[in-house]
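Proteins get letters first, then strands, A, B, ... in listed order; numbering begins at 1 in each.
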There are 2 protein chains.
Amino acid sequence: MHRESTASVIARQLRTAIMERTLQPGAQLSETALSAQFGVSRGPLREAMQRLVQEGLLRSEPNRGLFVIELDEADIRDIYVARTAVEGAAATMIARARVPAALRELRAACDAMTTSLELGDPAALSDADFHFHDVLVQCSGSRRLVRMHQTLIVETRMCLTALEGTYQQPLELVEEHNQIVAAIEAGDVKLTLKRVELHMDEALRRLIHAEDDDNQAYI
Amino acid sequence: MHRESTASVIARQLRTAIMERTLQPGAQLSETALSAQFGVSRGPLREAMQRLVQEGLLRSEPNRGLFVIELDEADIRDIYVARTAVEGAAATMIARARVPAALRELRAACDAMTTSLELGDPAALSDADFHFHDVLVQCSGSRRLVRMHQTLIVETRMCLTALEGTYQQPLELVEEHNQIVAAIEAGDVKLTLKRVELHMDEALRRLIHAEDDDNQAYI
DNA sequence: AAGAGTTTGATTGTTGACAATCATTGCATG
DNA sequence: CATGCAATGATTGTCAACAATCAAACTCTT
């Protein structure tokens, strides 16, 4: 029938629910409620949940239940530390290899951001932003970097969804991406790494500031 | 009763079994056999297995079963790419912060390697080696780097167990670790990163060569 | 004899019921 | 009135039986 295990399907649905804050941070996941909602039994649902526990998106309290993780400022900083490590490695790999197809894809993803900016569509810009970072890591060709990155992106989206996707300084944001791609295209490994690190620092700064504006302690 | 979920316990046991090659690469995991072996029912066992699928240690073929991953040379290279990203980030973080307690722990872990070398105990050297890299990432204080690293270490051990733990050039190995710690202690971030990258390149080279000697296509 | 179709065996996937554990509520007691 | 204790309700954790799927062996046909 399906070419994918049900646990995998349910896990993805749970992941998006957490990302979109349908399942809010700190919320307990009721097995009966969710199994009814997804139309499966508790067995497959529990298997899916264990996947997210391993990913670190759910926290398990034995004999108590499973809860959506809550991200404080230290977590957000940690997410960006990890993202810098992963995306920095991916970007330098691409800058070293300079496979034409990869460069084209990256440039296209970057141009899509520019287009969204010019159209004044913040939601599209956010999507294009995430798509760019996806493409960046995918193009590295490293299966392990891709896998590690997926979870980090979900966590990042958790934060951004909380701020309702309005970027503070969209112009700077797009320019930073352009600069990264330019460095990669030039094959300048050191500059590439530096610009990825700069972009992450700036993105983190914008995120923390936005959070301050909203007076939200927890995201 | 237990302060840990059974799925978590079983997952760890499976992980070590894969690491030690009790469960060989490519082998199918029989649910009934394993549940009997671990003394649990199929339910908790399946939950544990889904964790390893998420980690990438098991490969799922729907309606066929779960199989231990097989690592070819491309995988080994990928593991070291990912490890360089994670451990490089961890090491630079420690070099920046230079928390005394962390430096002491690192130095101790490094000295343990020297001791094992002098005692001529290859098994102890291997353990000390892995312990060092564990400490390195732990001391970074990044929960996400730690989590990503755990899986990478299991995969690395899978490879090394295949070669029966005999290092090719133990003297160089220990010296590389000493050099990394020295750079961290000096607070030289750039040098630290360079030496971590060098160590990973060398470790990969030694691993691939050892593999060639054994004429093993797959590990 | 070779190939296609069918049957058979074993395995996974799923389900619902049962047992254990924990938080809460109400009650008795100091 | 506060505190400790017991009963209760709901939830998670576990299990064994059932259904679905797949691979391989066997048979029948050409």
Side-chain angles (χ1 to χ4, degrees), chain A residues 1-18 21-70 147 218, chain B residues 1-18 21-70 147 218:
Chain A
M1 273 291 187
H2 4 241
R3 288 237 51 78
E4 202 181 359
S5 77
T6 38
S8 172
V9 176
I10 303 293
R12 187 166 51 247
Q13 293 182 340
L14 282 175
R15 221 172 273 132
T16 53
I18 291 173
R21 303 204 146 218
T22 309
L23 292 171
Q24 290 194 357
Q28 181 170 12
L29 274 67
S30 165
E31 295 184 358
T32 50
L34 287 174
S35 62
Q37 187 178 325
F38 290 127
V40 292
S41 186
R42 279 178 57 208
L45 178 76
R46 282 175 64 91
E47 291 172 20
M49 295 198 300
Q50 290 299 323
R51 285 201 182 196
L52 300 202
V53 169
Q54 185 61 38
E55 264 186 276
L57 260 41
L58 297 181
R59 165 175 54 87
S60 166
E61 292 187 21
N63 294 319
R64 285 284 315 280
L66 295 170
F67 303 83
V68 181
I69 52 159
E70 302 176 70
R147 181 171 30 238
Y218 288 164
Chain B
M1 277 289 186
H2 8 239
R3 286 236 53 75
E4 202 180 0
S5 77
T6 36
S8 172
V9 175
I10 303 293
R12 187 168 50 249
Q13 293 182 342
L14 281 174
R15 219 171 277 132
T16 53
I18 292 173
R21 302 205 146 218
T22 310
L23 292 171
Q24 290 193 358
Q28 181 170 11
L29 273 67
S30 165
E31 296 185 357
T32 50
L34 287 174
S35 62
Q37 187 177 325
F38 290 128
V40 292
S41 185
R42 280 178 58 208
L45 178 75
R46 283 175 63 91
E47 291 172 21
M49 295 198 300
Q50 290 299 322
R51 285 202 181 196
L52 300 201
V53 169
Q54 185 62 39
E55 265 186 278
L57 260 42
L58 297 181
R59 163 175 58 86
S60 165
E61 291 188 20
N63 293 320
R64 284 284 315 282
L66 295 171
F67 302 83
V68 181
I69 53 160
E70 302 175 71
R147 177 164 41 232
Y218 287 164

Quiz item: Once you round it to whole Å, what is the distance between P of C:dT11 and CG of B:Leu34?
Solution: 12 Å
Quiz item: Just wondering, do A:Phe38 and A:Leu14 contact through their side chains at under 4.5 Å, heavy atoms?
Solution: yes
Quiz item: Is atom CD of A:Gln24 surrounded by more than 12 heavy atoms (other residues, nucleotides or ligands) closer than 6.0 Å?
Solution: no
Exercise. Could you state the atom-to-atom distance from CD of A:Glu31 to C1' of D:dG13 in whole Å?
Key: 8 Å
Quiz item: Does B:Arg64 have a side-chain nitrogen or oxygen under 4.0 Å from the phosphate oxygens OP1 or OP2 of C:dT11?
Solution: no
Quiz item: For DNA chain C, whose closest nucleotide is more 5', that of A:Gly43 or that of B:Gly65?
Solution: B:Gly65
Quiz prompt | Rounded distance (Å) that lies between atom P of C:dA10 and atom CD of B:Gln28 | solution = 14 Å
Quiz item: Starting at CD1 of B:Ile10 and ending at P of D:dG13, how long is that distance when rounded to a whole Å?
Solution: 14 Å
Quiz prompt | Atom pair distance, as rounded to whole Å: CZ in B:Arg46 and P in D:dC15 | solution = 15 Å
Quiz item: Rounded to whole angstroms, how far apart are CD on B:Gln50 and C1' on C:dT14?
Solution: 13 Å
Practice problem: Starting from C1' on C:dA23, measure out to CG on A:Asn63 and report it in whole angstrom. | Solution: 12 Å
Quiz item: For C:dT14, does OP1 or OP2 lie under 4.0 Å from any side-chain N or O of A:Thr6?
Solution: yes
Quiz item: Touch check for A:Leu45, heavy atoms < 4.0 angstrom, all strands: base, sugar-phosphate only, or nothing?
Solution: nothing
Quiz item: Of A:Ser41 and B:Leu29, whose nearest nucleotide on DNA chain C comes first from the 5' end?
Solution: B:Leu29
Exercise. Find the distance between CG (A:Leu45) and CD (A:Gln13) and round it off to the nearest 0.5 Å.
Key: 10.0 Å
Quiz item: How many angstroms lie between atom CG of B:Leu58 and atom CZ of B:Arg51, to the nearest 0.5 angstrom?
Solution: 13.0 Å
Quiz item: Please give, in whole Å, the distance from C:dA10 P to B:Arg42 CZ?
Solution: 15 Å
